[in-house]
Amino acid sequence: MFPMSETIAQLLLSWYRQNARQLPWRGSPDPYAVWVSEIMLQQTRVETVIPYFQRWMARFPSVAALAEAPLDEVLRLWEGLGYYSRARNLHRAAQLIASHYGGQLPTERAALEKLPGIGRYTAGAIASMAFGQDEAALDGNIRRVLARLFDVALPARSPAGEARLWELARQVLPPDEAGDFNQALMDLGSSICTPRSPACLVCPLTSLCRARQLGVQEQRPVLSARSAVPHLTVTAAVLRRDSQVLIAQRPPQGLLGGMWEFPGGKLEPGESLPEGLRREIREELAAEIEVGEELGVFEHAYTHFRVTLHAFFCRLRAGEPTALEASQIRWVTVDELAAFPMGKIDRQISRRLAQLHRPKGEPRG
DNA sequence: GAGACGTGGCT
DNA sequence: TAGCCAAGTCT
């Protein structure tokens, strides 16, 4: 800790005592709750997380409860939050904690960081907030606050920038109050020291802020440009047989890992939509289909690409569908679809089917 | 170490 | 519309 840090800590902690948000995971000393909230909050807004956190804690109130739950139910509860590897890792880590740590989270940063889904930030956050240890935690908010406070001109996500910001995060940390201090920095970053139009006039640290003094606060942190995202056209089959439809579970790793979907895939150059869909079903399920009426068109933006998806009602012509690329496939009724974890688009298709399936005038669930 | 990995909100 | 985020981690 260097001299100016004492002032920073005093100003910030005093501000935090007046302005700390009341959040469901704050004020409770349960390390499990802190852990769950930190994983949910990765790349995700507080307002989005709150209802998920409450449902999660009601269903999985402890490490043991989570460790014993089937993955499908874990993913179903996570559905809509995105970055599903977080849920898979949380589940795996709970099983490791149950088997190797007697159901109690390890208290040391290094041990926490060995668990799946817990990186440098989350380990520091849990160690400081749940166990009172003097650990720094550099997240997007703290990165921005520190880059401005100390006018860090290095690209924030470069190795040199990262190293400098972690060093600053450790240097400003007040002994014995790291947990509150880290949370105070994050609250400041999300409410006042915002990416655009920061509210410097009401910031408790404004008199100490280098970037503010130089008028470059909006240019900090220095971010590198992102590459443009491709736009794909994809198809999906709502394959019907008797009163059931076919769904497939995606492989456990990668995009939407472990989630269920209506089979289909990317259109290749020169293909018509039905041609592409017939080819995909041949490749994925070893079956020949007849492509019928279009059920809907869905636009969706993922992190690194964007899709336009055309969903079609289909019938089997030849072959018994086999899980060639999927983890498994299932024939289910429309009413059963709700129990299977799905990403945004496939859930929209499911809901559309349920609407068509339900007699008119009946209220929706 | 650059790219993969979701979704919703706002511009 | 397309772009840009918002409490990161993993490979």
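Remember, predicted model here, so these are calculated numbers, not experimental data. Chain letters run A, B, ... following the sequence lines, proteins first, then strands; residues in each count from 1. All values below were derived from every heavy atom in this structure, side-chain atoms included, with hydrogens, water molecules and symmetry-related copies excluded.
Between the side chains of A/Gln42 and A/Thr122, a donor-acceptor pair is found at a separation under 3.5 Å.
Each of C/dA2, C/dG8, C/dG3 was ranked by its minimum atom distance to the side chain of A/His231; first place goes to C/dA2. When each of B/dT7, C/dT9, C/dG3 is scored by its nearest atom to the side-chain atoms of A/Tyr121, the top-ranked nucleotide is C/dT9.
Nearest-nucleotide assignment on DNA chain C puts the 5′-proximal partner with A/Glu299, out of A/Glu299 and A/Gly119. Looking at which nucleotide of DNA chain C each of A/Gln253 and A/Leu138 is closest to, the 5′-most match is held by A/Leu138.
Rounded to an integer number of Å, the gap from A/Met342 CE to B/dG6 C1' is 16 Å. The distance between atom OH of A/Tyr83 and atom C1' of B/dG8, rounded to the nearest whole Å, is 12 Å. Rounding to whole angstrom units, CG of residue A/Leu90 and C1' of C/dG8 are separated by 14 Å. Per the geometry, CG belonging to A/Leu115 stands 19 Å off P belonging to C/dG8, to the nearest Å. Taking atom CZ of A/Arg88 as the reference point, atom P of B/dG6 lies 7 Å away to the nearest angstrom. At whole-Å resolution of the value, NZ in A/Lys344 and P in B/dG9 are 9 Å apart. Rounded to an integer number of Å, the gap from A/Arg157 CZ to B/dA2 C1' is 12 Å. Here C/dG8 presents its C1' atom at 10 Å from CD of A/Glu162, a figure rounded to the nearest Å.
Of the inter-residue distances, the one linking A/Arg278 atom CZ with A/Arg282 atom CZ reads 7.5 Å to the nearest 0.5 angstrom.
The shortest heavy-atom contact between A/Phe340 and A/Glu79 is O-OE1, 3.8 Å. Residues A/Arg76 and A/Pro341 come closest through the heavy atom pair N-CB, 3.7 Å.
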(message) A/Met57 vs A/Tyr32, test: side-chain contact (heavy atoms from CB on, under 4.5 Å). Steps then yes/no.
(response) CA-CA 9 Å; A/Met57 294 304 288; A/Tyr32 169 70; 3.6 Å; yes
(request) Using the salt bridge (Lys or Arg N to Asp or Glu O under 4.0 Å) rule, take A/Glu275 and A/Arg279 through it: C-alpha gap first, then chi angles, then the decisive distance, then the call. (result) CA-CA 6 Å; A/Glu275 281 169 358; A/Arg279 175 185 52 73; over 6 Å; no
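At a threshold of 4.0 angstrom between heavy atoms, the contacts of A/Arg306 include nucleobase atoms, whether or not backbone atoms are also involved. Across all strands shown, A/Ile142 has no heavy atoms under 4.0 Å from either base or sugar-phosphate atoms. Within 4.0 Å (heavy atoms only), A/Arg21 reaches at least one base atom of the nucleic acid. Within the nucleic acid shown, A/Ala137 has no heavy atom closer than 4.0 Å to any nucleic acid atom. Residue-level contact check: A/Gly343 touches the backbone only, with heavy atoms under 4.0 Å from sugar-phosphate atoms and none from bases. Within the nucleic acid shown, A/Gly82 comes within 4.0 Å of at least one base atom, counting heavy atoms only. Contacts of A/Leu23 with the nucleic acid, taken as non-hydrogen atoms under 4.0 Å apart, include base atoms. A/Gly254 comes within contact range of the sugar-phosphate backbone alone, with a heavy-atom separation under 4.0 Å but no base atom that close. Looking at heavy-atom distances under 4.0 Å, A/Arg144 makes contact with sugar-phosphate atoms alone, never a base. Using a 4.0 Å heavy-atom distance criterion, A/Thr122 is classed as a sugar-phosphate-only contact.
Taking atom P on both nucleotides, C/dT1 is separated from B/dG6 by 23 Å, rounded to a whole Å. To the nearest whole angstrom, the two P atoms, one in C/dA6 and one in B/dG1, are 25 Å apart.
Considering only residues two or more places apart in sequence or on other chains, A/Phe60 meets the ring pair (Phe, Tyr, Trp, His ring centres under 6.0 Å) condition with A/Trp56.
For A/Arg55 and A/Tyr52, the positive end sits near the middle of the six-membered ring, less than 6.0 Å away and at most 45° from its axis. Under the 6.0 Å distance and 45° angle rule, A/Arg250 does not count as a cation-pi partner of A/Trp260.
In summary, the aromatic rings of A/Phe298 and A/His300 are positioned with their centroids too far apart to meet the 6.0 Å limit.
Near-neighbour residues of DNA chain B inside residues 38-57 of chain A, defined by a heavy atom below 4.0 Å, number-ordered: A/Gln43, A/Thr44, A/Arg45. For the contact set between residues 194-206 of chain A and DNA chain C, defined by any heavy atom under 4.0 Å, the members are A/Pro195.
A sub-4.0 Å separation between OP1 or OP2 of B/dT7 and a side-chain N or O of A/Tyr84 is present. A close approach under 4.0 Å does not occur between any side-chain nitrogen or oxygen of A/His300 and OP1 or OP2 of B/dG6. Proximity of A/His304 to the phosphate of B/dC5: a side-chain N or O atom is located under 4.0 Å from OP1 or OP2.
With a 6.0 Å radius and a threshold of 12 heavy atoms from other residues, nucleotides or ligands, A/Glu167 has its CD atom above the threshold.
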